[in-house]
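When a ligand or atom number is given, it counts from 1 through the structure's own listing order. All values reported here derive from a predicted model rather than from experimental measurement. Numbering starts at 1 and runs along the sequence shown.
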Amino acid sequence: MKEVEISRAIVEAYFNDLLENLSLDVAIVGAGPSGMVAGYYLAKNGAKVAIFEKKLSIGGGIWGGAMGFNRIIVQEEAREILDEFGISYRPFKSGLYVADAVEAATMIASKAVKAGVKFFNMIEVEDLVVKENHVAGIVINWTPVMMTGLHVDPLTVEAKFVVDSTGHGAQISGHLLKRGLIERIPGEGPMWAEKGEKLTVKHTGEVFPGLYVTGMAANALAGAPRMGPIFGGMFMSGRKAALEILKRLG
Ligand code: 48F
């Protein structure tokens with residue numbers, strides 16, 4: 001076994017995948033719960049989809065449950081999504097279920113991979129490609145380049161649709177805001193779990209031609225209340241975006 005063969009295998013496999021995914025149906029930015037769930041439903045239904053995550057780890061805000069107590073709450077309306085992913089749960093009281101955060105993150109990630117989603121971690125999406133008033137792709141760079149501020153130009157990935165699943169900061173929509181292409185991002189309001197859950201799902205959708213928002217990014221664009229460690233809204237938001245995009249892809 002030669003060291004250089006190990007290197008060759010990694011370089012070849014990774015760059016073949018990257019080449020294969022430079023042209024996508026859907027590029028999802030952010031591997032939190034809403035982005036991974038969106039990716040799963042898209043890939044399961046035949047779309048070519050990749051998720052770009054700036055951190056080393058995927059899963060976004062699921063792992064820690066609340067305050068590091070690694071349990072999540074899911075409401076009745078989203079229970080079927082727990083079933084879809086094979087995540088176990090137990091009823092807490094009428095209409096509320098408790099699931100293990102680690103099981104949720106790993107089952108969603110695993111089913112997404114098996115459905116055909118390609119994950120690219122440690123890659124930050126630093127901008128969007130916009131042509132004739134339509135989002136046409138993403139601009140990517142290595143996270144360490146972004147962290148160190150090195151002057152290194154990025155690459156681009158073309159996509160029929162881009163999904164901003166970047167969570168509380170709605171970073172991808174922010175790129176349109178700073179160019180005056182969308183009017184405002186009010187940011188999330190103070191905690192009101194029930195209303196926040198409903199509004200997140202309601203405001204999941206296309207915010208600019210070719211750009212969808214999910215999860216807390218949808219919430220930030222709508223100025224809807226935060227909701228804390230209840231995750232049904234994140235799951236339903238991801239599924240809603242996927243089903244809408246699938247219709248558009250035909
Ligand atoms: O924040 P995050 O988990 O987003 P979400 O799907 O879920 C929110 C919940 O976790 C929780 C909550 C539920 O009640 O409030 O917070 O809306 O995941 C967002 C992911 O996007 C990545 C980030 O590292 C995280 O893993 N991300 C953010 N900006 C970029 C990015 C970027 N520019 N490029 C790539 N990844």
Applying salt bridge (charged side-chain N to carboxylate O under 4.0 Å, His left out) to E77 and not counting sequence neighbours gives none
Margin query: Whether the side chain of N121 engages the backbone of L56 through a donor-acceptor N/O pair (distance < 3.5 Å, no angle test) should be reported.
Written below: yes
- Connected via hydrophobic side-chain network under 4.5 Å: I245 and L243: yes
Near K55 (heavy-atom distance under 4.0 Å), the atoms of ligand 1 are 24 (O)
Among E53, E126, E188, closest by heavy atom to atom 22 (C) of ligand 1 is E53
The reported gap from NZ in K195 to CD in E197 (rounded to nearest 0.5 angstrom) is 14.0 Å
Residue, atom and distance of the protein heavy atom nearest atom 28 (C) of ligand 1 read T166 CB, 3.6 Å
- Task: Answer yes or no: is there a side-chain heavy-atom contact under 4.5 Å between E103 and S88?
- Result: yes
Between L249 and V26 the two heavy atoms that sit nearest each other are CD1-CG2, 4.2 Å
With heavy atoms and a 4.0 Å threshold, my read on which part of Q171 contacts ligand 1 is side chain
Filtering I51, I28, V125 for the heavy atom nearest atom 33 (N) of ligand 1 leaves V125
In T214, N219, V37, the residue satisfying side-chain contact (heavy atoms from CB on, under 4.5 Å) with S237 is T214
Sequence neighbours excluded, the answer for side chain to side chain donor-acceptor pair (under 3.5 Å) partners of D17 is K118
closest protein heavy atom to atom 9 (C) of ligand 1 is F231 CE2, 3.8 Å
Any heavy atom of S165 under 4.0 Å from ligand 1? The part involved is backbone
When distances are taken from atom 14 (O) of ligand 1, the protein heavy atom at minimum range is G228 O, 2.4 Å
Nearest non-hydrogen protein atom to atom 21 (O) of ligand 1, with distance, is G30 CA, 3.2 Å
One finds that the ligand 1 atoms under 4.0 Å from a non-hydrogen atom of S34 are 5 (P), 6 (O), 17 (O)
Ligand 1 atoms nearer than 4.0 angstrom to some heavy atom of V29 are 32 (C), 34 (N), 35 (C)
**Asked** Is there a side-chain contact between F120 and N21 (heavy atoms, below 4.5 Å)?
**Response** yes
For N70 and W63, the nearest pair of non-hydrogen atoms, with its separation, is CB-O, 3.4 Å
Return yes or no for this condition: an N or O of M216 is under 3.5 Å from an N or O of ligand 1. yes
Under 4.0 Å from one or more heavy atoms of F52, ligand 1 contributes atoms 35 (C), 36 (N)
Should I123 be listed as contacting ligand 1, given a heavy-atom distance under 4.0 Å as the test? yes
G167 heavy atoms within 4.0 Å reach ligand 1 at atoms 1 (O), 4 (O), 17 (O), 19 (C)
Of G215, P33, G61, the residue with the heavy atom nearest atom 7 (O) of ligand 1 is P33
Paired with F231, the side-chain contact (heavy atoms from CB on, under 4.5 Å) test is passed by just one of L82, I62, I73, namely I62
One finds that the ligand 1 atoms under 4.0 Å from a non-hydrogen atom of M227 are 14 (O)
among protein heavy atoms, the one nearest atom 36 (N) of ligand 1 is K54 N, 3.1 Å
Looking only at heavy atoms, the pair that brings A47 and L246 closest together is CB-CD2, 4.3 Å
Ligand 1 atoms nearer than 4.0 angstrom to some heavy atom of G32 are 3 (O), 6 (O), 18 (O), 20 (C)
Closest to atom 15 (O) of ligand 1 by heavy-atom distance, out of R226, H168, M234, is H168
